[in-house]
There are 2 protein chains.
Amino acid sequence: MRGLDFQRKTKVIVVDDNYDHASGIRELINLENEYEVIANAGNANVAISLIKKYQPDIVLMDMNMPEVDGVSAIMRIMELKLDTKIIVLTAYDDPDLIFRAMKLGAKGYILKTMASHQLIHALDEVVQGKIYLPNVLCSRFFDYFQNFEKNQQNKMEEDENNLLNDLTNREEEVLSLLTQGITYKGVAQKLFISETTVKTHVNNIFQKLQVNDRTQAVLYAINKGFLNKQKMKIA
Amino acid sequence: MRGLDFQRKTKVIVVDDNYDHASGIRELINLENEYEVIANAGNANVAISLIKKYQPDIVLMDMNMPEVDGVSAIMRIMELKLDTKIIVLTAYDDPDLIFRAMKLGAKGYILKTMASHQLIHALDEVVQGKIYLPNVLCSRFFDYFQNFEKNQQNKMEEDENNLLNDLTNREEEVLSLLTQGITYKGVAQKLFISETTVKTHVNNIFQKLQVNDRTQAVLYAINKGFLNKQKMKIA
DNA sequence: ATGTGTCTAAACCTAAAGGTTTAGATTGAG
DNA sequence: CTCAATCTAAACCTTTAGGTTTAGACACAT
């Protein structure tokens, strides 16, 4: 695909607070016929206004900037809802940073330590609409992603402070029905027990969860991932 | 790293309901010195018991199986909490399938249409603890991932059937307090209005949301992303 | 066999929630 | 100006919900 578009060069804006570094990247990119660095920005605010003005095809963004951090900068650029594609360029391979950048919609992620031809390759891939994430960073991302999701599901059981763990089986059943917005009478019918028994269970639940009413109990349950647990039991 | 472990071969279990296909993969893998297919499984249940029994290093899993679907199978294998690594092998490059498999903890994802040496390469990468996701599938994943997160936030406003959109500003405020488990009296104090006024609002909310009590209203609100909306208003 | 935990259930009470109707004040659109 | 929507509020009522105490039946462990 490189060089097929004779109409115009691919417009790139470089965002980096280090002027020397930005200049280096600029020269490197301008060596390529199909790319053109149309502007440099030393901070996020300047970057935003330049992007609004020029609507570049690609923004190469350094992540360790003063004042506004890189993640916020990406967020603000994405909110513009332009066709501009963001490639992150940073010294850090921090999984959390990679995860957040990609989540927000970055199309590529490159380490500064990587060879310069990789930068050009990243540009090539991204202009074609692909994602550019080197294998090393890809693995980092997924380590974080999978553990993140896993933790979301399992943090409940692992949490010593989770009062839901004090509930008996029957109480869990009752709570499960409460989280569906069912009345005492309804719960009694579903569990084939009397309404007063349900009340007893509910009162015990309230004491164990240290709440005062069913709404708070339901909210506590939802926040602690109780619903996920119930779903898993069913499946 | 290949061939450095003289102690034992890497144990692989192949899960595929198509016997011929499973056999083909088995032979292919057994050509490699460092790998050994120790078992085949034609369905998820057999697979689970074989995995429990042999605790293989790698499970190669076909996703289009009858009875139990591949995603559920992955979920059940992950629940065993073994060191077994799952590589998905399927004919489909459906982004949703890729996303769910990776989310659940799959370490690799290969299409059946891909060359056989890629399968071996995937095994090599995964035994080293890396993630194997070919560029095409990686892009598919991120397209889904980035839109997924975006959609989660915006699906509410876009939903024509979302009854929350019928609420007035004041009703939203009241509902917001209900979702914090606050009583009529508490809401009245927070909003500097009388308790009966709160009741009126709440009744209107119930009618608009077509529910009968506060618990159901709170659940409706949570399910439709009301809490996210409130958070966004703050930020 | 004795105690502990769980599930069951009743009686009794108060507080809160929910349903209905009516209505005044304000605002903004036609 | 008038209509509609919204926010406010009261009176009246019924139904749940929640709190407390007591207690029988069963299982399980020491």
Side-chain angles (χ1 to χ4, degrees), chain A residues 157 160-224 226-227 229-230 233, chain B residues 157 160 162-224 226 229-230 233:
Chain A
E157 280 116 283
E160 296 285 335
N161 298 328
N162 193 332
L163 301 173
L164 288 175
N165 295 327
D166 297 335
L167 299 183
T168 66
N169 291 334
R170 200 55 160 173
E171 285 160 358
E172 282 189 4
E173 287 185 83
V174 173
L175 179 56
S176 174
L177 293 172
L178 287 191
T179 59
Q180 293 168 43
I182 303 178
T183 62
Y184 286 148
K185 198 177 288 180
V187 174
Q189 283 172 359
K190 290 223 173 198
L191 298 182
F192 303 107
I193 56 180
S194 89
E195 203 176 325
T196 55
T197 304
V198 177
K199 285 188 177 185
T200 308
H201 286 313
V202 171
N203 265 298
N204 291 333
I205 291 170
F206 288 167
Q207 283 186 11
K208 288 183 178 177
L209 301 188
Q210 297 173 355
V211 297
N212 302 313
D213 54 58
R214 52 176 60 225
T215 308
Q216 287 175 9
V218 168
L219 289 170
Y220 186 93
I222 290 174
N223 283 331
K224 293 291 184 175
F226 180 74
L227 298 185
K229 191 182 173 188
Q230 295 303 114
K233 279 188 176 177
Chain B
E157 281 114 285
E160 294 285 333
N162 195 333
L163 300 174
L164 289 174
N165 294 328
D166 297 337
L167 299 183
T168 65
N169 291 334
R170 201 53 159 174
E171 284 161 359
E172 281 190 5
E173 286 184 84
V174 173
L175 179 55
S176 174
L177 294 171
L178 288 191
T179 60
Q180 294 168 43
I182 303 177
T183 63
Y184 286 148
K185 198 177 289 180
V187 174
Q189 283 171 1
K190 292 224 172 194
L191 297 183
F192 304 107
I193 55 180
S194 90
E195 203 177 327
T196 54
T197 304
V198 177
K199 284 189 180 186
T200 308
H201 287 312
V202 171
N203 265 297
N204 291 334
I205 291 170
F206 290 166
Q207 282 185 12
K208 287 184 179 177
L209 302 188
Q210 297 174 354
V211 298
N212 303 311
D213 55 58
R214 57 209 290 130
T215 308
Q216 288 174 5
V218 168
L219 290 170
Y220 186 92
I222 291 174
N223 284 331
K224 292 291 184 175
F226 181 74
K229 191 182 173 188
Q230 294 304 112
K233 279 190 177 177

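Because the structure is a prediction, the values reported are computed rather than measured. Every chain is numbered from 1 and lettered A, B, ... according to where its sequence line falls, protein lines coming before strand lines.
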Tabulate atom names and distances for all N/O pairs under 3.5 angstrom spanning the protein and nucleotides 11-17 of chain C.
residue : atom : partner  : partner atom : Å
C/dA17  : OP2  : B/Tyr184 : N            : 3.1

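- Distances shorter than 4.0 Å separate some side-chain N or O of B/Thr168 from OP1 or OP2 on D/dC7.
- Counting only heavy atoms from C-beta on, A/Arg170 has its side chain closest to C/dC7 among C/dA9, D/dA10, C/dC7.
- Annotation for B/Ala221 and B/Thr179: closest pair CB-CG2, 4.1 Å, computed over non-hydrogen atoms.
- Taking every side-chain heavy atom of B/Ser194 into account, D/dA9 is the closest of C/dA9, C/dC7, D/dA9.
- Base contact: B/Thr197 has a heavy atom under 4.0 Å from a base atom.
- Rounding to whole angstrom units, CD of residue B/Glu171 and P of D/dC7 are separated by 6 Å.
- Phosphate contact (OP1/OP2 of D/dG18, side-chain N/O of A/Asn203, threshold under 4.0 Å): absent.
- Atom CG of residue A/Leu178 and atom CD of residue A/Glu173 lie 12.0 Å apart, to the nearest 0.5 angstrom.
- A cation-pi arrangement, defined by a distance under 6.0 Å to the six-membered ring centre and an angle within 45 degrees of its axis, is absent between A/Arg214 and A/Phe206.
- Taken to the nearest 0.5 Å, the CD atom of B/Gln189 stands 11.5 Å off from the CG atom of B/Leu177.
- At whole-Å resolution of the value, CD in A/Gln189 and P in C/dA9 are 13 Å apart.
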